[in-house]
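Below is one structure, written out as structure tokens; comments come after it.
In what follows, chains are A, B, ... by sequence order, proteins preceding strands, each numbered from 1.
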There are 2 protein chains.
Amino acid sequence: MEQVVDTALGVIATEGYEALTMRRLAGALDTGPASLYAHVVNKADLDELLIGRLCAELRLPEPEPAAWREQVSGMCVQMRDQYLKYPGISRAALAMAPTDPEILRVSEGMLAILLAGGVAPQSASWAIDALLLYVAAYCLEISVLDQRKVHDEADWVVDTDELQRRLTALPAETFPHTTRHAAELTAGKGHDRFDFTLSLMIDGLAHR
Amino acid sequence: MEQVVDTALGVIATEGYEALTMRRLAGALDTGPASLYAHVVNKADLDELLIGRLCAELRLPEPEPAAWREQVSGMCVQMRDQYLKYPGISRAALAMAPTDPEILRVSEGMLAILLAGGVAPQSASWAIDALLLYVAAYCLEISVLDQRKVHDEADWVVDTDELQRRLTALPAETFPHTTRHAAELTAGKGHDRFDFTLSLMIDGLAHR
DNA sequence: ACTTGACGCGAACGCTGTTCGTACGTAGAA
DNA sequence: TTCTACGTACGAACAGCGTTCGCGTCAAGT
């Protein structure tokens, strides 16, 4: 069963989550699809196992009260990179009940950081939920965009420059702010947008 | 083609997005699945049309600089309620390119509100992105949970009280904070968590 | 050596999105 | 009026999905 999870993660890492079908996974294990159901109840169950394995590889820091902001954003960056390492897997994370013990472990770790930083328990609890949700959604969006680049024709997907050109070309009377600030709307290399949102939420948490 | 979108929204409203298959939609229109492709290129195209229709029904307020916070959170609440009115449709929203003119209209409206409120253009642009992403993810999570309640056996899904009981029953030495603050972790009726995250981000935006 | 039990897997089911060829209805030309 | 030609609509089919059933095989117990 451990090998099933490992092989599944391998398939996702090289071909994306959409390619992880029971048949494809069975083929990678040199067997038929029916044999998988001896080790796994469901595809949903497999998804849970995958997310659990992902969370198990996250490293929880020892809470340092003075550095709680860096520590919590570091956790989010860890999750982000883990999600992006297995493109599209965040879809499974979004559709999952938070019952898994490995997820609870991560949640416990983040709670410890926030409480050590002096955040109120209620704010900390809800903030963890919001952060995990945002990270998963952010990674899903990125994975979907990357998937489009592979699957569809290249002219259907637009890069940043092309998008900015299109925004500028919009009718200025109905989209005055969009045309004027097309540069800002399309700005952000790498994970600038991610960092911005994280600091937005963490700053909001600190000012409470 | 307008009728196709209307019927599709009707199906989603009563049976959920997962039930919106080409065959089910064709059946609701008293025809076969092949006929749909005369009006719609793809299922992805249909999804875009649905989200476009959804966004078209959003009401953009006239920006009032003093009330920008209430206005932007009001927009998010509008989107949330619209998403929840059609359970699961936020999945389509998350997997979509932001090219649709109706989405641009909403984005333009929110940009106008934030700029009128004195938010820097770069912060406003990124904040809109983050807010839209969070709203979609939040609604997707809710829809998935509701779906589970319908599909699976009732004992697989846990309500708030049961979840709190389980958290409290965890081993206290490995989950000290989770067991102690199980009440806070499971707290929040209605959209309290949603309101919290929104004010978190908007407050962070104001302190910039 | 015979029985029994468990396990693995080929084949099939019902479902999905999508395509192809045909048949029909209509509009224009002779 | 009659014939043609074109565009549209749809029944049937295809490839793929998750999942289940039942048979065959193999190991252990008596």
From C:dT19, D:dG18, C:dC9, nucleotide with atom closest to A:T31 side chain: C:dC9
Sidechain N-carboxylate O distance under 4.0 Å for A:E48, A:K43: no
Ring centers of B:Y134, A:Y134 separated by less than 6.0 Å: no
Euclidean distance, atom CG of residue A:L29 to atom C1' of C:dG8 [Å, nearest integer]: 13 Å
Interatomic distance, A:L20 CG vs D:dG18 C1' [rounded to whole Å]: 12 Å
Shortest side-chain distance from B:K43, nucleotide among D:dC17, C:dT16, C:dT18: C:dT18
No-hydrogen, no-angle side-chain donor-acceptor test under 3.5 Å, A:Y17 and A:D47: yes
Protein-nucleotide distance (A:E18, atom CD; C:dG17, atom P), rounded to Å: 14 Å
Sugar-phosphate, base or nothing in reach of A:A38, heavy atoms under 4.0 Å: sugar-phosphate
Atom-to-atom span, OH of B:Y37 to P of D:dA12 - whole angstrom: 18 Å
Interatomic distance, A:L36 CG vs D:dT20 C1' [rounded to whole Å]: 14 Å
Student check: side-chain heavy atoms of A:S199 and A:R69 closer than 4.5 Å: no
Residue-phosphate contact under 4.0 Å: B:N42 side-chain N/O, C:dT18 OP1/OP2: yes
Out of D:dA9, C:dG17, D:dG18, whichever nucleotide has its closest atom nearest the side chain of B:S35: D:dA9
Among D:dG18, D:dA13, C:dT19, the nucleotide that comes nearest once only the side chain of A:M22 is considered: D:dG18
Whole-Å distance separating the CG atom of A:L25 from the C1' atom of D:dG16: 16 Å
Length of the line joining B:R24:CZ and C:dG17:P, which is rounded to integer Å: 12 Å
Side chain A:R23 and base D:dG16 donor-acceptor under 3.5 Å: no
Sub-4.5 Å side-chain heavy-atom contact between B:I51 and B:D100: no
Residue A:A34, side-chain heavy atoms: nucleotide from C:dC20, C:dG10, D:dT19 that is nearest: C:dG10
